[in-house]
2 protein chains.
Amino acid sequence: MTEDPTPAAAEQPHGPAASTGPTDPADSTGPTDPTAPAGPGAVPESAPRRQRADARRNLDSLLEAAKAVFITSGVDAPAKEIADLAGVGVGTLYRHFPQRSDLVKAVFQREVDACVAAGPALSANHAPGTALTEWIDRYTEFLATKRGLATALHSGDPALEALPAYFMERVGPTLGALLDAAAASGEIRADVTPRDLLLAVAGLCAPVDHEGAAFSRRMVAFLMDGLRYGAVPPEPRG
Amino acid sequence: MTEDPTPAAAEQPHGPAASTGPTDPADSTGPTDPTAPAGPGAVPESAPRRQRADARRNLDSLLEAAKAVFITSGVDAPAKEIADLAGVGVGTLYRHFPQRSDLVKAVFQREVDACVAAGPALSANHAPGTALTEWIDRYTEFLATKRGLATALHSGDPALEALPAYFMERVGPTLGALLDAAAASGEIRADVTPRDLLLAVAGLCAPVDHEGAAFSRRMVAFLMDGLRYGAVPPEPRG
DNA sequence: AACCTAAGCGGAAAGCTATTCCGGAACTAT
DNA sequence: ATAGTTCCGGAATAGCTTTCCGCTTAGGTT
């Protein structure tokens, strides 16, 4: 039961938040250097043989195939379809990504990180309220154009239940900062958490998918207006 | 292969809208007239033998079982679970409800109709904006407390794709009237369609399910505030 | 260059669920 | 009671996911 998942996507302490170190995407040669190439006086007797070259190649093929298939068939496309396109057996796919959410995370990590990274720049160049709106727009665009991603975020499927937590952990801090700033400047109400918005936006992006992202954008815009409404009541009394 | 689906829930012309004639709920003797009820000059010699008593009994058992299972396991519980609880074989379930959406429709028809029926009373006793809000609250409560219903409304599952259309057709007219009135009185913006709201509310109710309806209520409230914001800009210029 | 070893591979097998099919049981009218 | 249907139940079929395991082969060793 309590095994250790997290295959390709290693674990992160908590969150680099708005920092610049986005957690190496589908990182390959990255920090995945377990066996110390030449440890000074490191434990000698453990040379796990490294990782084989073909294994890395297959992993890359899988990521590329998954990216393509996710676009054409959505994130819940049959595993076989992805494996076939990658030219490997399903066994290989499952060894690299025991949970489907691992694959989804790996495929979108780059884009999620880009969203996160955009936060600081927005706060620096815009008023808090504008920064928040622009960021949400970007996030909405991301979710709404990834067939099935938004739905996957609250599908209930056990193989995907790690996704919401992942998103929360990843973009939570950034969004939190934007929200706090906007609330502090009085541009939006203060009783909204990052979690609220993340879930709400995901919900509003889900129905769409094949309807065009236009619907999602409009609805999210309404929601954001709602946040403003709470902060600036049209009839300030006494 | 183009058979005729729509088992228990026969088809409706269009929509009694806010009318009082809600389309007989788990209606039995109702419009379940398969081969021409009594065509004027239709083939006379056809006394369809009525419907067998045990068949009706099984159908009732199924509806009751489904209602119970939907609460405990959500609307996407295994068909077998429902059939077992009803004490019938799965074949029987599928004969009565060829599409899963047929079963879902039949189970919730009563409540959906109640929502629809509440529309006129609300408009009669409240200001347009209030009536709209109250109605949406009620609708939200309904969706948010039916495990999996909101998700089912845009799951993409082919067996459920008839649901959104059904809801749209059923509650669309009522919501449309409420929206029009509220827009006419200047309480909300005018560029929102019943479809928009129905889908958006469903989306906002979906993530929740097992989180309590509180989240859904809050988010929907934000959305409604957003509609007001558009109609009553906080800083009327010019 | 030949050899060894275990990392890694592929696809068959096992497990689920949905959906269809059909022989036979049960009901209704006569 | 009998005939004629309607219905039932569950076995059979089909599509997926996920696991397992013998064979292949990369890559270090001699």
What is the distance from [atom1] of [X] to [atom2] of [N], rounded to the nearest Å?
X	N	atom1	atom2	answer
A:R57	C:dC9	CZ	C1'	12 Å
A:D76	D:dG15	CG	C1'	14 Å
B:Y94	D:dT13	OH	C1'	13 Å
A:L93	D:dC20	CG	C1'	16 Å
B:D84	D:dG10	CG	P	9 Å
B:F97	D:dC8	CZ	P	11 Å
B:D157	D:dG15	CG	P	16 Å
B:Q51	C:dA26	CD	P	18 Å

Please confirm whether the shortest side-chain N or O distance from [X] to OP1 or OP2 of [N] is below 4.0 Å.
X	N	answer
B:N58	D:dC7	no
A:R95	C:dC9	yes
A:T92	C:dG8	no
A:H96	C:dC9	yes

Take B:Y166 and B:Q109 through the test side chain to side chain contact (heavy atoms under 4.5 Å, CB included) and record every step on the way to the result. CA-CA 10 Å; B:Y166 170 73; B:Q109 204 167 51; 3.2 Å; yes
Between B:K80 and B:G91, just flag the one whose closest nucleotide in DNA chain C comes earlier from the 5' side.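 Closer to the 5' end of DNA chain C: B:K80.
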If you only use heavy atoms from C-beta on, which nucleotide in [options] is closest to the side chain of [X]?
X	options	answer
A:R100	C:dG10, C:dA6, D:dT17	D:dT17
A:D54	D:dA26, C:dC27, C:dT19	D:dA26
A:P78	D:dC7, C:dA18, D:dT17	D:dT17

Would you say the side chains of A:S73 and A:E81 form a donor-acceptor pair under 3.5 Å?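 Judged by distance alone, the side chains do pair up.
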Can you list the steps and then say if A:C205 with A:T140 is a side chain to side chain contact (heavy atoms under 4.5 Å, CB included)? CA-CA 7 Å; A:C205 288; A:T140 301; 3.8 Å; yes
Below 30° counts as parallel, above 60° as perpendicular, anything between as tilted: where do the rings of B:H154 and A:H154 land?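 B:H154 vs A:H154 ring planes: perpendicular.
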State which residue, out of B:L198, B:T174, B:V116, fulfils the side chain to side chain contact (heavy atoms under 4.5 Å, CB included) condition with B:Y139.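 Testing each of B:L198, B:T174, B:V116 against B:Y139, the sole residue satisfying side chain to side chain contact (heavy atoms under 4.5 Å, CB included) is B:L198.
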Mind checking B:A53 for me? I need base, sugar-phosphate or nothing, with any heavy atom below 4.0 Å counting as a touch.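 Contact class for B:A53: sugar-phosphate only.
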Contact class for A:V90 vs. all strands (heavy atom < 4.0 Å): base, sugar-phosphate, or nothing?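 The residue A:V90 makes base contact.
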On a plain distance test, is the side chain of A:R52 in donor-acceptor contact with the base of C:dA7 below 3.5 Å?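 Answer yes: a donor N or O sits under 3.5 Å from an acceptor.
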